[in-house]
Amino acid sequence: MQQNCVANLACLPGLDFTSLFQPQNDPYIYDFDPLDMVGPYSCNASTIISSMSAGTADNQERLCNDERKKRRLASNRESARRSRVRKQRRLSDLSSQVAELQDTNQRLLIELHHVIAKHARIVRENAKLREEAADLQRRLDKMEEAAAATETPEVA
């Protein structure tokens with residue numbers, strides 16, 4: 001009899017379980033009213049009183065168990081649906097991130113090629129300027145030698 005009372009407690013029409021399903025931070029997790037998923041309860045206060053006999057109590061317990069099973073299955077289906085929605089949203093976010101990273105990678109590769117080409121031009125220009133500097137230094141050395149030779153008379 002104790003077991004029947006506990007089983008019938010969940011079937012009382014005044015008992016409110018909606019406070020267990022209050023929304024948290026993610027509005028997509030709890031976007032439904034769990035009591036809307038099932039029809040009206042098959043249990044009521046008159047069945048509790050009439051369940052004094054053993055046969056009726058077993059039948060009533062079976063009905064309540066069936067009702068709980070239906071609610072649990074409906075809740076599980078809704079939970080699976082929300083899980084699929086979250087998974088699809090995550091997949092979409094990751095796909096967008098992949099596309100964005102590929103674009104960034106392409107842009108950086110183009111920029112790298114430009115920098116490498118500019119570096120090669122600067123290296124060539126630097127080599128040319130060094131060559132010109134060496135040539136000018138040779139010419140200056142020759143001029144200084146010529147100037148020094150004309151300033152000092154040769155003693156024979």
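Note that this is a predicted model, so its numbers are computed, not measured. Just the heavy atoms: all of them, side chains too, but no hydrogens, waters or symmetry mates, feed the values below.
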I need the full list of side chain to side chain donor-acceptor pair (under 3.5 Å) pairs touching residues 128-138, with sequence neighbours left out, sorted by first then second residue.
Gln137-Asp141
Value for CD (Gln88) from CG (Asp93), rounded to nearest 0.5 Å, stands at 10.0 Å
Check this for me: Glu100, atom CD, are more than 12 non-hydrogen atoms of other residues, nucleotides or ligands nearer than 6.0 Å?
no
Lys69: which residues meet the side-chain contact (heavy atoms from CB on, under 4.5 Å) condition with it, sequence neighbours left out?
Arg72, Leu73
To the nearest 0.5 Å, how far apart are CG in Leu108 and CG in Leu101?
10.5 Å
When rounded to the nearest 0.5 Å, the distance separating OG of Ser83 from CG of Asn76 is 11.5 Å
Are any side-chain N or O atoms of Ser75 and backbone N or O atoms of Arg71, one a donor and one an acceptor, separated by less than 3.5 Å?
no
Assess whether side chain to side chain contact (heavy atoms under 4.5 Å, CB included) is satisfied between Asn59 and Leu63, documenting all intermediate values.
CA-CA 6 Å; Asn59 190 23; Leu63 288 175; 4.2 Å; yes
Applying side chain to side chain donor-acceptor pair (under 3.5 Å), which residue pairs with at least one partner in residues 103-119 are found, sequence neighbours left out?
none
From OG (Ser95) to CZ (Arg90), nearest 0.5 Å:
10.5 Å
Apply the hydrophobic cluster definition, ILVMFWY joined by side-chain contacts under 4.5 Å directly or through others, and give me every member besides Ile116.
Leu112
I'd like to check the side-chain contact (heavy atoms from CB on, under 4.5 Å) partners of Arg124; sequence neighbours left out, ordered by chain and number.
Ala120, Arg121
With rounding to the nearest 0.5 Å, note down the distance linking OG in Ser79 to CZ in Arg84.
9.5 Å
Side chains of Arg62 and Asn65: donor-acceptor distance under 3.5 Å anywhere?
no
Dump the intermediate steps for salt bridge (Lys or Arg N to Asp or Glu O under 4.0 Å) on Lys142 and Glu145, then the final yes or no.
CA-CA 5 Å; Lys142 285 182 184 178; Glu145 283 177 16; over 6 Å; no
Can Arg68 and Cys64 be said to form a side chain to side chain contact (heavy atoms under 4.5 Å, CB included), step by step?
CA-CA 6 Å; Arg68 276 194 298 273; Cys64 286; 4.0 Å; yes
